[in-house]
Amino acid sequence: MKITIIGGGNIGGAIAGGLAASTLMKASDLTVADPSAAALERIKGLNSAIRTSQDNAAAVEGADLIILAVKPWLAEEVSATFRDKLNFDRQCLASVVAGVSFEKLKTMLDNGKDVRPALLRLIPNTAISLRESVTFIASDGASESQLNAVVTLFKELGQTVVVSEAMMAAGTSLASCGIAFALKYLGDSIKGGVELGFDETQSREIVMQTMRGALALLQANGTMPQTEIDKVTTPGGLTLKGLDAMAEGGFSEAVRAGLLKSR
Ligand SMILES: NC(=O)C1=CN([C@@H]2O[C@H](COP(=O)(O)OP(=O)(O)OC[C@H]3O[C@@H](n4cnc5c(N)ncnc54)[C@H](O)[C@@H]3O)[C@@H](O)[C@H]2O)C=CC1
Ligand SMILES: O=C(O)[C@@H]1CCC=N1
């Protein structure tokens, strides 16, 4: 499969890194288009076989899948730079632009050819560069074989969840913004470790291994977190004091509010 990514920034670059390392395609079948020479240089640094271009219209020609990965407020203007070259009889466009609906995409990509656009929406997270993403996928107008091909490809880059468009916002919050929320907890824990007397490097290692241990317990035991928390928490003990202080600080409510706000 030949893939062109329009926008080689944080997520476009992360997808490029993941795809270039995939066994399902050759890095030389991947093109990244971006006006920024610095962005394209970073892409070449990931894998020198990836093709780069500053010409969106030329970059989409010959691609089976085009991934649109520019900022939401630029999506319309950038789409206009290549939409006349699209041929939805054989090409499929997948947008990772958060919050831009299929309805809006259809308007943005209308090239007057009167062919129903083959569209997907993808929401990965930045761990896709390491093939550890959760990627939400919704489809509108794409054939079953186009959808299956994309699901197979992104399964190699972590886990995939095929959802209706109505669930894309929830997926974005829980896993795509969610990776930042998880990192926020880790960052605050590292800072707390420094206040407890460790240097920052030590604290980072300790917090990372603690998180790996927590994930390993959930995975090995098939449990929900509270079951593992109960095994740590001695009645009247130290963990309970800490959990109570976190509850007083509004920890659970803050997590919930963050998730609901980022839909
Ligand atoms: N960063 C993330 O973790 C995620 C981002 N998204 C979505 O992905 C999109 C991109 O986000 P980021 O990668 O974070 O932004 P970014 O700003 O890091 O990257 C956007 C890239 O688009 C390029 N660009 C600007 N004008 C262009 C043009 N005319 N043609 C081609 N490329 C152009 C920029 O030079 C930049 O490299 C957004 O719509 C966002 O909602 C979705 C899921 C996760
Ligand atoms: O912050 C954002 O808007 C994008 C969407 C999901 C992750 N980053």
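For ligands, and for the atoms within them, numbers begin at 1 and follow the listed sequence. If you're wondering where the values come from, they're calculated on a predicted model, not measured in any experiment.
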Test of understanding: given a 4.0 Å heavy-atom threshold, classify the contact between [X] and ligand 1 as side chain, backbone, both, or neither.
X	value
A33	backbone
V78	side chain
K71	both

Tell me the protein heavy atom at minimum distance from [atom], and give that distance in Å.
atom	result
atom 38 (C) of ligand 1	V70 O, 3.3 Å
atom 19 (O) of ligand 1	G9 CA, 3.2 Å
atom 25 (C) of ligand 1	L74 CD1, 3.9 Å
atom 1 (O) of ligand 2	C177 SG, 4.9 Å
atom 13 (O) of ligand 1	I11 N, 2.8 Å

Closer than 4.0 Å to some heavy atom of [X] - which atoms of ligand 1 meet that?
X	value
I6	31 (C)
P124	43 (C), 44 (C)
T126	3 (O)
S176	43 (C), 44 (C)
N56	28 (C), 29 (N), 30 (N), 31 (C)
V96	6 (N), 7 (C), 8 (O), 42 (C)
G8	37 (O)

Report yes if the side chains of [X] and [Y] come closer than 4.5 Å at any heavy-atom pair, otherwise no.
X	Y	result
L122	F136	no
L157	T135	no
L86	F82	yes
I128	F154	yes
T172	R263	no

* Relative to the heavy atoms of A98, which atoms of ligand 2 are at a distance of less than 4.0 Å? -> 5 (C)
* Heavy-atom neighbours of Q209 CD exceed 12 at 6.0 Å -> yes
* Is the number of heavy atoms from other residues, nucleotides or ligands under 6.0 Å of R131 CZ greater than 12? -> yes
* Asked: Distance below 4.0 Å between atom 4 (C) of ligand 2 and any protein heavy atom?
  -> no
* Asked: In the single-linkage hydrophobic clustering (I, L, V, M, F, W, Y; side-chain heavy atoms under 4.5 Å), do F88 and I66 co-cluster?
  -> yes
* Joint cluster assignment, I179 & I123, ILVMFWY side-chain distance < 4.5 Å -> no
* Between T172 and ligand 2, which residue portion shows a heavy-atom distance shorter than 4.0 Å: side chain, backbone, both, or neither? -> side chain
* Side chains of S173 and S262, donor plus acceptor under 3.5 Å -> yes
Of the listed options ([options]), which comes nearest to [atom] when hydrogens are ignored and any heavy atom counts?
atom	options	answer
atom 7 (C) of ligand 2	A180, S173, P72, S176	S176
atom 26 (N) of ligand 1	A98, A127, S95, P35	P35
atom 20 (C) of ligand 1	A39, A69, G7	A69
atom 16 (P) of ligand 1	I43, T172, N10	N10

* To do: Report the distance from atom CG of D34 to atom CD1 of I5, rounding to the nearest 0.5 Å.
  => 10.5 Å
* Nearest 0.5 Å, what's the CD-CD1 distance between Q202 and I190? -> 12.5 Å
* Asked: So which heavy atom on T31 is nearest to which on S53, and how close?
  -> CG2-CB, 4.4 Å
* To do: Applying side chain to side chain contact (heavy atoms under 4.5 Å, CB included), run through Y185 and V255 and close with a yes or a no.
  => CA-CA 10 Å; Y185 170 78; V255 171; over 6 Å; no
* May I ask whether T81 has any heavy atom positioned less than 4.0 angstrom from an atom of ligand 1? => no
* Does ligand 1 have an atom that lies less than 4.0 angstrom from a heavy atom of D34? -> yes
